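These numbers were taken from a predicted model, which means no experiment stands behind them. Whatever order the structure lists them in is the order used to number ligands and atoms, beginning at 1.
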Amino acid sequence: MPTGTPISTARSPAPEKDAAPASTPAAMAWRLDIAVQTPAHAALGDLLSYASAAPLAPGTLVRVPLGRREVLGVVWNDPSSLEGAEPDMALKPVGAALDALAPLGEAWRDLVAFAARYYQRSIGEIALAALPPQLRDLSTTQLARRLKRKTTTGPVAETAEAANLIALSPEQTAALARIEAETGTFLLVGSTGSGKTEVYLRCVADLLAGDAGAQALVMVPEINLTPQLEVRFKARFGDDAVVSLHSGMTNPQRLASWLAAHSGAARIVLGTRMAVFASMPGLKLIVVDEEHDPSYKQQEGARYSARDLAVWRGQREGAKVILGSATPSLESWHQSRPAEGEDPGGRYVRLAMPSRIGAGELPAVRLVDMNLQPPKTVLSGALLDAIGQRIARGEQSMVFLNRRGYAPVLACADCGWKSECPHCSAYRVFHKIDRTLRCHHCSFTERVPRACPSCGNPDIAPVGRGTERLEEHLAELFAGVTRPGGSAVPEPVRIARIDADSTKKQGALESQLAAVHSGEVDVLVGTQMIAKGHDFRRITLVAAVNPDGALFSSDFRAPERLFSLLMQSAGRAGRDAAYLAAQGATAEMWIQTHHAQHPLFAALRKHDYAAFARQQLEERAAAGMPPFAFQALLRADARTQEAAQAFLNAASAAADALEGADRVVRYPAVPLAIQRVANVERAQMLIESPSRTALQRLLAAWQPLLHALRRTPEGKGVIRWLVDVDPHSI
Ligand code: ADP
Ligand code: ZN
Ligand code: ZN
C-alpha cells in the first residue's frame, strides 16, 4: 500500500492552532489506513497509511498531511499495531482527529467502498465528495462549536395537517399494506396524480411513529422543480424533523443538514442524488421519487446512479426501498416482473396505482399529423383553436418544446454560412432577447453579427425554433384575442415562458411558478422543466409541438425518455376533477408529429406504459441490450480525434490479454455525437457483456493497464479518460 510520504515533497504543514500536540515518533504506535481525496489518476491507490498515537476507530474524520497541504481524511480500516515493529520512518503522523463527531458507520463505509469499486473510482474520491465541503475547512474547535448548536430532536408527531388526514384510496391502502408487510425493494407504478406522494408520507409516518430512532431518506430528481414536496413533508412532520440536501444550498446549510442527519436528529432527509451518501445511522426507508429520471445519474466525476446505489444501500442496511414513477425505467420495470414459467421473476415487488385521485380521467391524447398541414406550420389550426377556447374560458394551456433559445441556428441563404461554434462541433443558438449567439456546450457567446460574417449579406435568418420564438409566435397569434377579466374590460392574453434562461436568477423559477398557480398566466411555454412534477390545478390542455427528434435518435434510450416525458407532460393537465367539472371542460394532450403511426404514440394514446415497455423490452432482448446486457463506456478526450481513438483502440488491445476478456464485447472506438467541445476531441468505446460480473471483473483488471497506457506513446495527447458504468446515453 502506498504511504502518505512519497508524494509529499515538502515539510508537513504547520499544525493547526488547536491541533493535538504533535507526538514524538516513538509514541506513534498505530498505523492507520486513511481515505483522502487523491488527485485524479495519480494512481496512488485507494488508501494512504499514516502513523498515529491513538488507535482511532474506523470512520473517524482526521486531518492528514498530503503533499504540501493538510487535507481531510477518513480512517478506513481497523488500526494495526506498530508495537515491536521496525519503526517505519516513512509514515507521516496524522493530524487532529475530529473526534467530537461520531465516526462514520460501517454501513456508510461499505456503501462508499461499493460505489468506488462498482464505478471504478477511488474510495477517497467518493468518500470526500460525499461529505459536506465545509467539513474540510473547519478546525476541531469550530466543529465542536457547530455541534453544540441546538439540534432539535425528539418524537416526531404528525402535525395539524395530519390530524385531519384524508382517507386513502383502495389502491393506496393496498400498496401501503404490502410495503408494511414485506421487505426489500418496491416499484410503485402510479399514474400522475394517483397519490404516490401520499403513500410516501404515510410510509414515513408509520416508520417514524413505530421506531424512535428511525430515519427516512426521500430522494427527488431536482429539488427546485418539486418545491411542493418539501412543503408537504414539512407540513406533515414539522420543520425540525426534515432537512434538505442538494447542491442549491450554501455550504453552511449543507453542513447543518448533514450533521443533523449524521447525529440522527433529522428524521427525514429530503434531497437530490447526492443525498444517497448521507450518513444516516437510523436509516430504515429510502424513497426514490420519479426513479426513471435521468438526473439520478451523476454525469461528471464518479458517474454513479443514485437510484441504483439506493437499492444497494437499502439491501445492505435492511431498509425498505420504494422506487416510484408513472413511467419506470425499463430496468426497474423488468426487475419487478412477475414470475412466469421458468422465469422466477424480478427481485422488486411491483405495486400498481393506475387511478388518479381527485383528478379527472387522464387527458385524451390527440395526434396532429403534421404531414397534412401546410408546409412550415408551427402550430396547427386545430391546436390554436383548442388553446383559444381555453383562453376564452379562463383556463390555462401549456405548450412544451424541448429546446431553449430563439432559434437553434442562424444562417445565411446566400453563401450557406451557419452559426457554428468555433470551438465545438455544434451550432450556436440564437437568443433574441439579448441578441447573442450562444454555444450551449462551451458557453462561448458573441453578439449577433449585423451581416453574414462570411459574405456580408445583411439578411441572415433564424432557422428552426426554440421556446423564445414560440413564445413570440403565440403572442402574435393571440394578439387580437382577449380573455375574460375580473373587471368589466376584457384583458389581453398573458403568455409566460419557463426554461433554463428565464429562471437563471435566484427565486425566478419560484415566482414564475407562483404566477402560473395563481392564475396570472393563460399560456405557459417551456422546456421539460414545466413537464415535471408540478401540481398545476387549472391547466386543461398540454401540447408537445415538436417531439419527433427523439423517435429516430441513435441512442437506444431516446424513445424511453420521450415516452416518459410525454406521459409526465400529459400528467400536468386536468389534475383537479372539481375544477374540470365546474368548467365543464375535459383535459387534452396534443401532440404534433410527422410520425403519427409510430407505436410509441399508439401506447401513449392509451396511457399504456405496460404496452410501451413490452414492445421496448422485446426489442432490447432481441438486440441484447440493457436490461438484458450490461454496458460501460470508456471515453477519451484528446487534442485530436485520432489521438483519442488511438488510446481507446490500444486500450482495447491491451484488454485482450485479461482473463475473461472473451466474455466482454468491446466495440470499435467512435467519436461522440458532439465530437468536439471547447476544442477538445472526444471519442468513446462501448463495452458490453451479458454478465455484470464479467464486465465488472474486466473493468477492475483494466484500470491499471489504462493508467499505464496513459504514459505510453498511445496515451500521448490524451487529456483525460474515464469509465462510465451503466451509461445513460450512448
Ligand atoms: P402523485 O405523487 O402520484 O402525482 P400526489 O400524491 O401528489 O400524486 O396526489 C395528487 C393530489 O391528490 C394531491 O393534491 C394530493 O393531496 C391528493 N391526494 C392524494 N391522496 C389522496 C386521497 N387519498 N384522497 C384525496 N386526495 C388525495
Ligand atoms: Zn453569407
Ligand atoms: Zn462551443
Side-chain angles (χ1 to χ4, degrees), residues 161-162 164-176 188-204 218 220-221 225-233 235-236 287-291 322 324-328 351-360 362 410-429 436-446 449-461 517 531-537 567-568 570-579 674-680 682:
E161 194 224 32
N164 43 35
L165 274 179
I166 26 175
L168 292 182
S169 73
E171 288 173 6
Q172 287 173 319
T173 308
L176 206 59
L188 180 61
V189 188
S191 307
T192 48
S194 62
K196 293 186 290 297
T197 311
E198 189 60 39
V199 171
Y200 308 151
L201 286 161
R202 291 296 177 97
C203 283
V204 172
V218 179
V220 293
L225 299 185
T226 43
Q228 286 169 322
L229 191 71
E230 196 172 343
V231 172
R232 278 171 82 176
F233 269 87
R236 186 74 55 98
V287 173
V288 184
D289 190 27
E290 309 292 359
E291 66 90 30
I322 307 174
S325 178
T327 52
L351 306 169
M353 300 204 304
S355 318
R356 279 181 131 184
I357 292 181
L362 282 162
L410 208 56
C412 168
D414 276 5
C415 76
W417 173 86
K418 285 183 175 158
S419 56
E420 263 163 44
C421 175
H423 310 296
C424 307
S425 46
Y427 294 116
R428 280 176 297 165
V429 175
T436 55
L437 287 179
R438 277 190 241 159
C439 176
H440 288 185
H441 302 281
C442 74
S443 303
F444 178 67
T445 302
E446 276 183 336
R450 291 195 183 286
C452 171
S454 148
C455 74
N457 169 20
D459 248 4
I460 41 177
H517 285 297
K532 293 186 185 181
H534 307 292
D535 194 11
F536 297 123
R537 311 304 288 181
M567 286 275 276
Q568 285 259 319
R572 298 316 110 209
R575 292 181 71 83
D576 189 338
Y579 177 74
I674 295 176
Q675 92 172 57
R676 187 170 49 104
V677 167
N679 295 321
V680 171
R682 315 180 309 163

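Inside a 4.0 Å radius of atom 15 (C) of ligand 1 there is at least one protein heavy atom. Within a 4.0 Å radius of atom 11 (C) of ligand 1, the protein contributes no heavy atom.
Note on C424: counted as a metal contact of the Zn ion (ligand 3), an N/O/S atom lying under 2.8 Å. Using a cut-off of 2.8 Å, one finds that C439 contributes an N/O/S atom close to the Zn ion (ligand 3). Residue side and main chain included, H441 places no N/O/S atom under 2.8 Å of the Zn ion (ligand 3).
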Criterion salt bridge (Lys or Arg N to Asp or Glu O under 4.0 Å) on E198 and R236, from CA distance to verdict: CA-CA 10 Å; E198 189 60 39; R236 186 74 55 98; 3.2 Å; yes
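Summarising the geometry, atom CG belonging to L351 is positioned 12.5 Å from atom CD belonging to Q172; distances are rounded to the nearest 0.5 Å. Taking CZ of R438 as the reference point, atom OG of S419 lies at 13.0 Å (rounded to 0.5 Å). One finds the CZ atom of F444 at 9.0 Å from the CG atom of L437 (value rounded to the nearest 0.5 Å).
Under 4.0 Å from ligand 1, the heavy atoms of I166 that appear belong solely to its side chain. Contacts with ligand 1 closer than 4.0 Å are made by no heavy atom of D289, backbone or side chain.
With respect to the salt-bridge test (charged N to carboxylate O, under 4.0 angstrom), the residues D535 and R575 qualify.
The closest non-hydrogen atom to atom 22 (C) of ligand 1, taken over A167, S169, A326, comes from A167. The residue among H534, R575, E171, R232 with a heavy atom at the shortest distance from atom 7 (O) of ligand 1 is R232. Considering only non-hydrogen atoms, atom 13 (C) of ligand 1 lies nearest to D535 out of L188, T192, D535, D576.
Of all protein heavy atoms, the one closest to atom 9 (O) of ligand 1 is G195 CA, 3.6 Å. Shortest contact from atom 2 (O) of ligand 1 to any protein heavy atom: T197 OG1, 2.7 Å. Protein heavy atom at the shortest distance from atom 25 (C) of ligand 1 is I357 CG2, 3.6 Å. Nearest protein heavy-atom contact of atom 3 (O) of ligand 1 is K196 N, 2.8 Å.
For a threshold of 3.5 Å applied to N or O pairs, the pair formed by G193 and ligand 1 contains at least one separation below that value.
Put simply, part of S191 is less than 4.0 Å from ligand 1, judged by heavy atoms.
Here the Zn ion (ligand 2) is the vertex; the SG atom in C455 and the SG atom in C412 give an angle of 110° (to 10°). With the Zn ion (ligand 2) as the vertex, SG (C452) and SG (C415) define an angle of 100°, rounded to 10°.
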